[in-house]
Colleague: 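Here you go, one structure.
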Amino acid sequence: MKLEKREISLNESDSIADAIGMEKLLLIQYSCALEKITRKETRIALLENIKRIGEDLFLLCDLKAVSKGSNEK
């Protein structure tokens with residue numbers, strides 16, 4: 001079996017965009033779970049996780065902007 005020789009490169013911007021996409025999907029799932037949770041402790045934990053995801057998204061978006069700026073030079 002012969003493998004093709006091709007260059008596969010994953011740049012920083014692509015990695016950050018993938019991470020942003022995963023964080024968005026997780027946020028959507030957490031949002032869907034909000035209406036189903038009945039225990040107060042679970043609600044508190046879920047809201048804390050949603051806040052952390054929001055903070056992560058802000059960080060990733062800032063990193064993406066910096067990465068785009070450095071790629072354009």
Side-chain angles (χ1 to χ4, degrees):
M1 179 176 202
K2 185 176 179 182
L3 296 175
E4 288 183 35
K5 286 188 179 181
R6 61 183 155 152
E7 187 175 326
I8 299 174
S9 63
L10 183 64
N11 65 28
E12 185 176 290
S13 183
D14 290 339
S15 298
I16 294 171
D18 289 344
I20 288 172
M22 291 303 297
E23 292 287 334
K24 285 181 180 180
L25 289 173
L26 187 56
L27 188 58
I28 290 168
Q29 292 300 315
Y30 280 164
S31 298
C32 292
L34 281 174
E35 65 184 339
K36 299 174 185 173
I37 295 173
T38 57
R39 292 186 61 218
K40 184 177 180 178
E41 297 83 9
T42 308
R43 288 179 181 171
I44 292 170
L46 186 61
L47 289 174
E48 288 173 4
N49 286 334
I50 289 172
K51 181 182 178 210
R52 286 186 194 137
I53 291 172
E55 292 168 352
D56 288 346
L57 276 170
F58 288 141
L59 174 66
L60 288 168
C61 289
D62 291 344
L63 288 173
K64 187 175 181 181
V66 168
S67 177
K68 268 188 179 180
S70 66
N71 286 341
E72 291 176 358
K73 293 180 181 179

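Please read these numbers as outputs of a predicted model, since none were measured by experiment.
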Colleague: For E41, give me all partners under salt bridge (Lys or Arg N to Asp or Glu O under 4.0 Å), at least two apart in sequence or on another chain.
Modeller: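 E41: salt bridge (Lys or Arg N to Asp or Glu O under 4.0 Å) contacts with R39.
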Colleague: What residues join L47 in its hydrophobic cluster, counting side-chain heavy atom gaps under 4.5 Å, either direct or through other members?
Modeller: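 Members alongside L47: I16, I20, L26, L27, Y30, L34, I37, L46, I50, I53, L57, L59, L60, L63.
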Colleague: Return each pair, listed once, that meets side-chain hydrogen bond (donor to acceptor under 3.5 Å, both in side chains) where at least one residue sits in residues 50-64; pairs must be two or more places apart or across chains.
Modeller: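 Non-adjacent pairs meeting side-chain hydrogen bond (donor to acceptor under 3.5 Å, both in side chains): N49-R52.
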Colleague: Rounded to the nearest 0.5 Å, what's the gap from SG on C61 to CD on E23? Could you check?
Modeller: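 So the SG of C61 and the CD of E23 are separated by 10.0 Å.
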Colleague: In the hydrophobic clustering that connects Ile, Leu, Val, Met, Phe, Trp and Tyr at side-chain heavy-atom distances below 4.5 Å, which members other than I44 occupy its cluster, ordered by chain and number?
Modeller: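 In the cluster with I44 there is nothing else; it is isolated.
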